[in-house]
Amino acid sequence: MDVPHSDALLRELTAPQCEAVQHVDGPMLILAGPGSGKTRVVTHRIAYLLAQDIPDWQIAALTFTNKAADEMRLRLDKLAPGQKVWMGTFHRFCAQLLRRYASMVGLQENYSIYDTSDSKQAMKRAIEAAGVSTTHASPDQIANVISKAKNKLITPDVMEGQMLSPKETVAAKVYPVYQRQLLTANAVDFDDLLLHVANLLRHSPELRGELDQRFRYILVDEYQDTNLAQYAIVRALSIDHPNLSVTGDPDQSIYGWRGADLNNILDFEKDYPSVRTVRLEQNYRSTPNVLRVADQLIRHNRRRKQKNLFTDNDEGEPVILRWFENGYEEADSIADEIVAAISSGLARPSDFAIFCRMNSLTRSLEHALRGRGVPYQIVNGVEFYQRKEIKDVLAYLHLVNNPGHDVALTRVINTPTRGIGAKTVQRLQAFADSHNIPMLEAARRAEQIESLAKRSVTMVKKFVAIYDRIAARATAPLEDLMRCVVQESGYDKFLEKNSDEADDSSPLGNVDELISAAVDFDRRHPDDGSLEAFLEQVALVSDTDAFEENDQRVTLMTLHASKGLEFPRVFIVGVEDDLLPHKRSKEDDAQFEEERRLLFVGITRAKQWLQLSCCKRRMIRGDTRPVIASPFLNELPLEEMKRIESTVQRNYFDQEIDQSGGGDWDLPEIQINAEAQGEAQADVSFDFGANQDEDVFSSDDQARESSPAFDSVTAESAPPEAKTKSIPEIGALKTAADLMSGNRPPLTAYREGTTVRHYDYGEGTILAVSGLGPKRMARVQFADGEHNFRLAFAKLEVVG
DNA sequence: CCCCGCGGGTTTTTT
DNA sequence: ACCCGCGGGG
């Protein structure tokens, strides 16, 4: 490791930043406003600690997302190359501790991490076993109550003794059963990762002392979003060596609904009386225009610490507040504007981000962008790893890694169908429950289960044989193991039957992509017990981790996912009552204030330009309903903002009557008629699969290559009238699409051994290609190392 | 045991 | 609009 020089680290830092960076021992609270260079301060401080000869293994930096940890690691590596400071999410930190001390909480080290849907399954089973009725508390509600309890470190026995609401009473009966079943399955849910570690530290003073000693310097990011369990963990690790430094901003606390406790940051100074508090109030990100809007808004919150945000940046453009007739118009207008800005050369797709309160609102935006050939990425909940075929294959792996994983067994025992029905599974489960053994064990003893038909016993035994053949390969490289799973289980035949070769997002293509992920993992982790590590990584990836920077795409995401990011130009849609603030968060002040913070977070992501919009009517669950503007809008400095109201008139059926366009908005009109638009969209979606989860879209040469209809699509999307009426617009559309694709050789031009050139990396050789259609990947060896590309979008020139 | 069609609930945000 | 779970027919 290269130890940096202290002096060099302090150059180019402001006085408060320097103060924070030079703080070494004792607790510190960094109140960091949005865009105040927080990551810079944290990385510099770690480098500073290293410069004081503090060993890297004594430092741990905890973040909320892997993305944030990666970013931090990258930046720290520039200051102190080769350092081995522990960086990662709270959950990963706990997962690793728990691997080591599993036996102390009754687990084995190969324990599984249940994701939300796994634990939902497990919960249903526990409810059944506990024999409670779900008429007054749904499984979801019960799961919620239990999750909240875990976040507050309430164990089943403690819960039993408390005063409880009717729902909580039901949950309290399920809770111990659920926990016992998890232990039998050698599994934990997300909350358990924290809970087990917190309990471990509480009940074992020796271990606590040892770890406190080991992790002498702890840094916590986004401290305003920690819950009680997380609080307890860092507290326990900071008693003998209270060198705990936390960064956060009470105004950006947006995870209260998940157990985050704002008091953790508001009371930090009480918890650690010797604390040094540093305020970072200068903003380096946004224009004064944006900042004033944010500040005016957040002043309306009561539970906060007063901050004085300021910036030296240029005034910039006024923030825009815009009304639309409905969600479609909103989406179309935004998409048009993005196209106009891109085609005029003023901006790149990656300059834009669109935020919304709910994932479902991205639908119409997606549609509008897709129709115009604008590439975009959606950072949303329905991710790759949630897909059925992916979960199926992973479930086999889970079962190999942990034969006690009952959720996985239930999932795969009849996938693909092999004559083991629900009744049989139920009987296996009952047998397993009564003998307190995993279901796989019950399956092995199928002949002992009296209620099972002969035929079922045979089928179950057959499954066990399949499993054993797969499990025999447990220590093989992941790629081999995964191919073995797909073959032995018969899943490959099942996939072929259900997959459409042309459809890129087909199950087959997805499984292929999973296998390439495994190949990639094998390559990066040649030695460590890779199956377990792979499964852990998969379990702990978050939605926000999917966000890719430096990618020439517009970003669509929820306001929650936007935290920690920044974009030159930001649209926030649906700033409407009952949506933001959300209907269900208006019960109490705390929730209402959290909604306000959510908008604050969104606003402060914008660097140069910001538009808030709301609609007069919005389609909700199928039908269109009138909506009113968000009460938060009245809290903004409206007089200095640019307000635009759509003047488009609509008839009863929501059809446009008057085309006079939108107010003082001076965009070129890029509307093409509705019919043509519809057709173009239909055809385009045919090429790429009408899949909402598809994270990339572009009408590039890929489409040309695979679709003979491409030319007619172009013709149809630009009807003759439109062509003669508004040539520049059509030109603009084309330019926008071209920008995304460039002059790209056909995908078949990229093969193993092909020499290619990349703008940044220079010349290189293709080592391997994999995947299908827009997901086709190439691994390329450049002078400075290997890089992976999505061929459909990468700027790779074929040399020679 | 498997497949298909219907009806009801549902979406706020996610490690 | 969409997803999931349930019931009936094959």
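Atoms considered below: every heavy atom in the structure, side chains included; atoms not considered: hydrogens, waters and symmetry mates. Within every chain, numbering begins at 1; the chains are lettered A, B, ... in the order of the sequence lines, protein sequences first and strands thereafter.
Shown for residues 420-429 of chain A: residues whose heavy atoms fall under 4.0 angstrom of DNA chain B, namely A:Ile420, A:Gly421, A:Lys423, A:Thr424.
Contacts of A:Asn414 with the nucleic acid, taken as non-hydrogen atoms under 4.0 Å apart, involve only primed sugar atoms and P, OP1 or OP2. A:Lys120 comes within 4.0 angstrom of nothing in the nucleic acid, heavy atoms only.
A:Lys391 and A:Ser117 share a donor-acceptor pair across their side chains, judged by distance under 3.5 Å alone.
Applying the 4.0 Å criterion to OP1 and OP2 of B:dT14, one finds that A:Asn359 has a side-chain N or O inside that range.
Checking C:dA1, B:dT13, B:dT15 against every side-chain atom of A:Arg258, the shortest atom distance belongs to B:dT15.
With rounding to the nearest 0.5 Å, the separation of CG in A:Asp118 from CZ in A:Arg411 is 8.0 Å.
Put simply, CD on A:Glu222 is 15 Å from P on B:dT14, counting in whole angstrom units. If you take CZ of A:Arg387 and P of C:dC3, they are 12 Å apart, rounded to a whole angstrom. Per the geometry, CE belonging to A:Met619 stands 5 Å off P belonging to C:dA1, to the nearest Å. Between the NE2 atom of A:His560 and the P atom of B:dT13 there is a distance of 9 Å, given to the nearest Å. Between the NZ atom of A:Lys586 and the C1' atom of B:dT13 there is a distance of 16 Å, rounded to whole Å. In this entry the distance linking OH of A:Tyr114 with C1' of B:dT15 reads 18 Å, nearest Å. In this structure, A:Arg455 atom CZ and B:dC1 atom C1' are separated by 8 Å, rounded to whole Å. Between A:Arg597 atom CZ and B:dT13 atom P there is a gap of 18 Å when expressed in whole angstrom units.
Pairing each heavy atom of A:Tyr175 with each of A:Ala149, the nearest pair is CE2-CB, 4.3 Å. In plain terms, the two heavy atoms of A:Ser119 and A:Asp189 that are nearest each other are CB-CB, 4.1 Å. Closest approach of A:Val601 and A:Leu559 over heavy atoms only: CG1-O, 4.3 Å.
Ring stacking holds between A:Trp257 and B:dT13, with the centres under 5.5 Å apart and the planes within 30 degrees of each other.
Closest-nucleotide positions on DNA chain B for A:Thr116 and A:Ser456 were compared, and the one nearer the 5' end corresponds to A:Ser456.
Ion pairing between A:Arg304 and A:Glu593 fails under the 4.0 Å rule for side-chain N and carboxylate O. A salt bridge links A:Glu594 to A:Arg597: at least one charged side-chain nitrogen sits closer than 4.0 Å to a carboxylate oxygen. Salt-bridge check for A:Lys38 with A:Glu222: passed, with a basic side-chain N closer than 4.0 Å to an acidic carboxylate O.
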Checklist outcome for this item: In B/S/- notation (B base, S sugar-phosphate only, - none; protein heavy atoms under 4.0 Å), nucleotides 3-11 of chain B written 5' to 3' is -------BB
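The shortest distance between side-chain heavy atoms of A:Leu219 and A:Thr247 does not fall below 4.5 Å.
Taking the P atoms as reference points, C:dC4 lies 15 Å from B:dT13, given to the whole Å.
Dense packing is recorded around NZ of A:Lys461, with more than 12 heavy atoms of other residues, nucleotides or ligands lying under 6.0 Å away.
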